[in-house]
K.L.:
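Would you mind keeping the following structure in view while I ask a few things?
No hydrogens, no waters, no symmetry mates; every other heavy atom, side chains included, goes into these values.
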Amino acid sequence: MIDGTAGVSGRRDADEALLDNPEALAEHDPGGMLRHTASAGAQVRESAALAAEANLAVLADDGRPRAVVIAGIGTAGRTGDVLATVAGPRCPVPIIGHRSTGVPGWVGAADVVIAVSASGRSPEALGAAEAAHRRGARLVAVGAPDSQLQSIAEQARAPFIPVPRRAPARASLWALTVPVLLAARSLGLVKVNEADLAETAARLDADADRCRSAAESFVNPAKSLALGLAGSIPIVWGSSPLATVAARRFGDTLSANSRYPVVTGALGEAGRGRVGLLDGVFGGLAEGERDLFADPAEDDGEGTRLRLVLLRDGGLNAEDDTDEPLAVEERRADAVQTLAERRGVRCDVVTAEGGSALERLASLIAVPDFASIYLALAHGLDPMAVPAITEMKELSNQ
């Protein structure tokens with residue numbers, strides 16, 4: 001076996017039939033990533049209950065902070081993106097994500113640092129928590145119980161919200177996100193009430209049911225999306241800031257779970273240059289040369305093409321002072337769909353549903369989360385075990 005491929009297994013071509021075989025899906029998912037992903041609604045409820053026990057009200061004793069720093073890496077870092085988009089443009093203070101060790105040089109007693117780590121031992125979160133304590137900033141810590149992060153929080157006499165470690169961090173987005181949102185609510189920075197949390201949990205439960213392994217591909221939106229993406233280069237664009245957070249989350253899961261290269265971002269950014277991908281060698285040029293009657297099974301990989309996934313919000317921003325009015329976002333999304341159609345580039349659309357920003361975000365994340373797992377399983381990949389991640393940690397620690 002060649003060095004660097006230890007533990008790597010799977011097939012280059014997707015096995016569509018496997019997705020409609022629940023027993024085979026279970027066999028290829030020994031770590032239970034489908035089950036962990038289906039627990040998203042339960043994660044919302046559990047984390048809300050644990051946050052309620054953490055006495056977050058003390059955060060408000062010193063008044064409104066100058067800024068809030070969300071310190072974490074990977075999925076933990078995405079919690080800051082969720083907070084920023086749910087808080088919206090009217091948030092009275094800046095919300096800043098920090099994805100490296102320590103904290104920005106300007107952080108001091110006037111600021112709040114929220115350190116997030118599913119394991120409770122990531123260097124980024126630990127370094128940020130220690131630096132916040134030294135500088136006198138208010139600290140909130142979110143992570144595994146009985147971890148190094150909890151010890152630092154206890155030394156700093158700071159609130160700590162435990163997140164039981166039952167799955168990889170990428171399958172624990174909602175367990176990590178809810179405490180961050182509730183900490184920000186205690187500071188008066190975001191409006192998230194119990195009804196919003198309950199409706200978001202119910203939405204995640206409903207989508208988990210629609211995407212269950214026993215549901216066949218033609219009625220399972222996640223399986224359909226996975227099969228559409230199979231063998232392609234995915235481009236995932238969000239029509240609004242909220243949808244862009246979901247797009248980047250989908251990029252995370254496609255890379256880690258499915259091992260697919262992916263381009264993600266906002267439609268506003270795409271219109272300044274990246275939309276040109278639709279004209280390129282994997283877009284319009286490839287589609288123009290495609291033999292409509294060729295057997296896809298005989299494609300040896302030379303015909304790899306783009307697949308566009310458009311996450312549309314159609315949002316709730318009519319009363320907000322947003323940079324992009326809703327009408328502009330919708331026209332831009334329509335334009336990109338038209339461009340893709342003219343060039344023969346396939347396009348899947350996921351449209352947000354729900355009455356609050358949090359529920360709408362959940363509706364854009366749930367189905368793509370499952371799709372990334374089904375795509376991995378179709379290729380015979382274990383979506384939980386990522387050998388390259390383990391090897392990189394070992395090599396880095398040397």
Side-chain angles (χ1 to χ4, degrees), residues 81-82 84-86 88-89 203 207 210 218 221-222 224-230 232-251 253-254 260 262-288 290 292 305-372:
D81 300 336
V82 175
T85 195
V86 172
R203 172 74 57 181
D207 284 336
R210 291 197 301 145
F218 66 91
S224 297
L225 180 56
L227 292 175
L229 290 172
S232 73
I233 300 174
I235 298 180
V236 188
W237 285 330
S239 68
S240 70
L242 183 146
T244 299
V245 172
R248 291 188 170 126
R249 161 68 177 180
F250 195 17
T253 58
L254 281 173
Y260 264 56
V262 58
V263 177
T264 66
L267 275 184
E269 298 170 347
R272 300 299 188 271
R274 289 189 178 184
V275 73
L277 289 167
L278 300 178
D279 292 333
V281 295
F282 299 105
L285 292 180
E287 296 297 343
R290 183 159 60 105
L292 297 177
R305 299 176 178 87
L306 300 181
R307 183 81 178 205
L308 177 61
V309 180
L310 189 55
L311 304 184
R312 298 192 63 157
D313 185 8
L316 301 171
N317 68 4
E319 298 179 358
D320 288 344
D321 300 325
T322 54
D323 293 333
E324 296 283 356
L326 176 59
V328 173
E329 293 174 353
E330 289 296 285
R331 286 200 303 270
R332 186 183 288 133
D334 289 338
V336 169
Q337 285 187 247
T338 300
L339 287 173
E341 181 180 349
R342 289 176 177 176
R343 285 153 179 77
V345 175
R346 273 67 168 175
C347 179
D348 296 285
V349 179
V350 180
T351 303
E353 299 177 357
S356 68
L358 187 62
E359 184 183 356
R360 295 179 73 80
L361 180 63
S363 74
L364 291 175
I365 288 176
V367 171
D369 270 5
F370 278 101
S372 71

K.L.:
Just so I know, are the side chains of L278 and R342 near enough to count as touching, which here means a heavy-atom distance under 4.5 Å?
P.N.:
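No - every pair of side-chain heavy atoms lies 4.5 Å or more apart.
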K.L.:
What pair of heavy atoms forms the shortest contact from G265 to A247, and how long is it?
P.N.:
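It is O-CB, 4.1 Å.
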K.L.:
Could I get the full list of side chain to side chain contact (heavy atoms under 4.5 Å, CB included) partners for I233, not counting sequence neighbours?
P.N.:
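By the side chain to side chain contact (heavy atoms under 4.5 Å, CB included) rule, I233 matches F282, T304, L306.
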K.L.:
Can you tell me how far apart CZ (F250) and CG (D369) are? Round to the nearest 0.5 Å.
P.N.:
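Answer for the CZ-CG pair, F250 versus D369, is 8.5 Å.
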K.L.:
A352: what forms a side chain to side chain contact (heavy atoms under 4.5 Å, CB included) with it, not counting sequence neighbours?
P.N.:
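So A352 forms a side chain to side chain contact (heavy atoms under 4.5 Å, CB included) with D313, R360, S363, L364.
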K.L.:
I need the minimum non-hydrogen distance between R307 and S232, along with the two atoms involved.
P.N.:
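Nearest heavy atoms, R307 then S232: CB-OG, 3.3 Å.
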K.L.:
Spell out, as yes or no, whether a donor-acceptor pair under 3.5 Å connects the side chain of R248 to the backbone of A246.
P.N.:
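Judged by distance alone, no pair lies under 3.5 Å.
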K.L.:
Hey, does V345 have a side-chain heavy atom less than 4.5 Å from the side chain of I235?
P.N.:
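I235 vs V345: side chains apart.
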K.L.:
Is there a side-chain contact between P368 and R249 in this structure, where contact means two heavy atoms from C-beta onward sitting under 4.5 Å apart?
P.N.:
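Heavy-atom side-chain distance check fails, nothing below 4.5 Å.
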K.L.:
Among all residues two or more places apart in sequence or in another chain, which pass the side chain to side chain contact (heavy atoms under 4.5 Å, CB included) test with A266?
P.N.:
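Result, side chain to side chain contact (heavy atoms under 4.5 Å, CB included) vs A266: T244, E269.
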K.L.:
First locate atom CG of D348, then atom CG of L310, and finally report the distance between them rounded to the nearest 0.5 Å.
P.N.:
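These two atoms lie 10.0 Å from each other.
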K.L.:
Kindly compute the distance separating CG (L361) from OG1 (T85), expressed to the nearest 0.5 Å.
P.N.:
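OG1 of T85 is found 6.5 Å from CG of L361.
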K.L.:
Could you state the interatomic distance from CG (L311) to CH2 (W237), rounded to the nearest 0.5 Å?
P.N.:
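Output value for this atom pair is 12.0 Å.
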K.L.:
Looking only at heavy atoms, which two atoms of S372 and T253 are closest? And how far apart?
P.N.:
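That would be OG-CB, 3.4 Å.
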K.L.:
Would a 4.5 Å heavy-atom cut-off, applied to side chains only, mark L267 and E329 as touching?
P.N.:
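No; the side chains remain at least 4.5 Å from each other.
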K.L.:
Strictly below 4.0 Å, N to O, side chains only: are R210 and D207 in salt-bridge contact?
P.N.:
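Salt bridge present between R210 and D207.
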K.L.:
Does the salt bridge (Lys or Arg N to Asp or Glu O under 4.0 Å) test come out yes or no for E330 and R312, once each step is laid out?
P.N.:
CA-CA 8 Å; E330 289 296 285; R312 298 192 63 157; 3.1 Å; yes
K.L.:
Could you tell me if the side chain of L254 sits less than 4.5 Å from the side chain of L229, heavy atoms only?
P.N.:
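In contact.
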K.L.:
So, do R274 and V263 sit near enough that their side-chain heavy atoms are less than 4.5 Å apart?
P.N.:
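Touching, per the 4.5 Å side-chain cut-off.
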K.L.:
Measuring from F370:CZ to L225:CG, what's the distance to the nearest 0.5 Å?
P.N.:
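Atom-to-atom, F370:CZ and L225:CG are 13.0 Å apart.
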